[in-house]
Undergrad: 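This is the structure I have questions about; it appears just below.
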Amino acid sequence: MVQMSAFDFFEEYLDKPSLFKNPDALTLKFNPDNIPHRDKEINLIAQILAPALKQVKPSNIFIYGKPGTGKTLVVKNVLKNMEKISGSKNIPLKLIYLNCKMQNVADTEYRVVAQISREFGKDVPITGLPTNEVYNEFFSVVDDTKQVVILVLDEIDVLINKCGDNILYNLTRINENLNNAVLSIIGISNDVNFKNNLEPRVKSSLGEEEIIFNPYDALQLKEILHQRAELAFNESSFDPLVIAKCAAYAAQQHGDARRAIALFRVAGELAERANKILSEEFVDMAEKQLEKDTVMELVKNLTLQSKLVFYSIISSLKNRVTPAFTGEIFEFYNHICNRNGLDVLTQRRLSDLIGELDMLGLINAKVISKGRYGRTREISLAVDADYVNKISIWLEDDLELK
DNA sequence: AGTCCACAGGAAGGGCAGGCGA
DNA sequence: TCGCCTGCCCTTCCTGTGGACT
């Protein structure tokens, strides 16, 4: 076989026609002008926010729906249009979008308030100031000019679960302290039940208007993918059945359009690499790869102790079909730590780490009662058996375990 | 019906790192 | 340099709990 040099490879790559016309159309950051099947929601949000253009405070909005139902996309779309019109007519309007899931940016009360102040050009240190002082800075900078401020807090449930609903109480009450400006809040949550955990005073002020985004069904997903396909792919570079397959996969996962689009993109990339037209087989391959990538990414980002706990769980469950219990895991974890000269956490802390691994979807942990033999968590792996071994080896290597 | 197990999970607080202003 | 602040990770102490066992 004649070996190909890297130069030849690049040359051939450049000459080869691509399947993609505009791969950006299949990314998360892509914000299409037309969002299919969300006209009702767009109109409703636009109606609620419209008073801002006449310098009247719009109602606060609380939006919820499962991931990939278009919440963020719709809100950003409405804001984009508001910005366009307020810019052209010189209307004093400030629109701020914050994703509360972004670590070290907007995941604590201090950081959110500091980040909003920064949006107004105020330089606030990352830490070091008392929270009420940050609020004062925030009040003064917001109230500096007569304007309507619309603050979008995306994934608000993550923020509230982490640091309580005090921040929402303070933000929804802020208008009492402002003389020139007014502030409205749009809260977006993936967790439909999140609002039930809020204090009543916060619940009533945040939820002046509530909008629910229902999951897309397979047909709607197909249309969304059609729209993106036209923008992203060159003509006749994919089998039309691919769209149906991506839609079907995503419909199984509570109608997640984000997932459908990612699947479409990865399948396209795999087909391009294989020098073939995008056909159904690449969707299956993409589905497997996406799952593997997410799991590995999660594992790699775990802290040292969480990795140790996860490794203990994998090892305890090796070669058995029955689930493990907290006590066993703790015993195994102790053993591993002692053997490797690592710090050992208490069982209380381990219990929290198990809960976190469960939240990440790496394990299934269910609280059960064994009657006379106590109450514990029943723990099993949520990761595909094919990858467990691979992850285990990676962890052994990464943690330099003996 | 009462006991008891093996935890779950809440509350409080310690210790440390990092940043600020005086 | 010092005191004060936040965030984070962790421990200690405690109460609560479901259901098998007595």
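Since we're looking at a predicted model, the values are computed, not measured.
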Undergrad: With a 6.0 Å cut-off on the ring centroids, do Y64(A) and F62(A) count as close?
TA: yes
Undergrad: Looking at every non-hydrogen atom in both residues, tell me the closest pair between K222(A) and I243(A) and how far apart they are.
TA: O-CG2, 3.7 Å
Undergrad: Atom pairs, N/O to N/O, protein against nucleotides 10-14 of chain C, distance under 3.5 Å?
TA:
residue: dC10(C); atom: OP2; partner: R349(A); partner atom: NE; Å: 3.0
residue: dC10(C); atom: OP2; partner: R349(A); partner atom: NH2; Å: 3.0
residue: dT11(C); atom: OP1; partner: T346(A); partner atom: N; Å: 3.1
residue: dT11(C); atom: OP2; partner: T346(A); partner atom: N; Å: 3.1
residue: dT11(C); atom: OP2; partner: T346(A); partner atom: OG1; Å: 2.8

Undergrad: How about F20(A) and F233(A): are their ring centroids closer than 6.0 Å?
TA: yes
Undergrad: Please give, in whole Å, the distance from dA8(B) P to R377(A) CZ?
TA: 5 Å
Undergrad: Without decimals, in angstroms, what is the distance between Y373(A) OH and dC21(C) C1'?
TA: 7 Å
Undergrad: Please give, in whole Å, the distance from dC8(C) P to L304(A) CG?
TA: 18 Å
Undergrad: Salt-bridge test for E287(A) and R259(A): reply yes if a basic N is under 4.0 Å from a carboxylate O, no otherwise.
TA: yes
Undergrad: So, S279(A) versus D239(A): side-chain donor-acceptor pair below 3.5 Å or not?
TA: no
Undergrad: Listed in order of residue number, which residues of residues 355-372 of chain A have a non-hydrogen atom at under 4.0 Å from DNA chain B?
TA: V367(A), G371(A), R372(A)
Undergrad: Between D33(A) and K80(A), does at least one N-O distance fall below 4.0 Å, as a salt bridge requires?
TA: yes
Undergrad: What I want to find out is whether D398(A) reaches K307(A) closely enough, with some N-O distance under 4.0 Å, to be called a salt bridge.
TA: yes
Undergrad: Would you say dA6(B) has OP1 or OP2 under 4.0 Å from some side-chain N or O of T376(A)?
TA: no
Undergrad: Go through residues 328-338 of chain A and report each residue with a non-hydrogen atom lying under 4.0 Å from DNA chain C, sorted by number.
TA: none
Undergrad: Hey, is D352(A) close enough to R348(A) for a salt bridge, meaning N to O under 4.0 Å?
TA: yes
Undergrad: Side chains of Q347(A) and Y333(A): any donor to acceptor distance under 3.5 Å?
TA: no
Undergrad: Do the side chain of R377(A) and the main chain of A365(A) share a donor and acceptor less than 3.5 angstrom apart?
TA: no
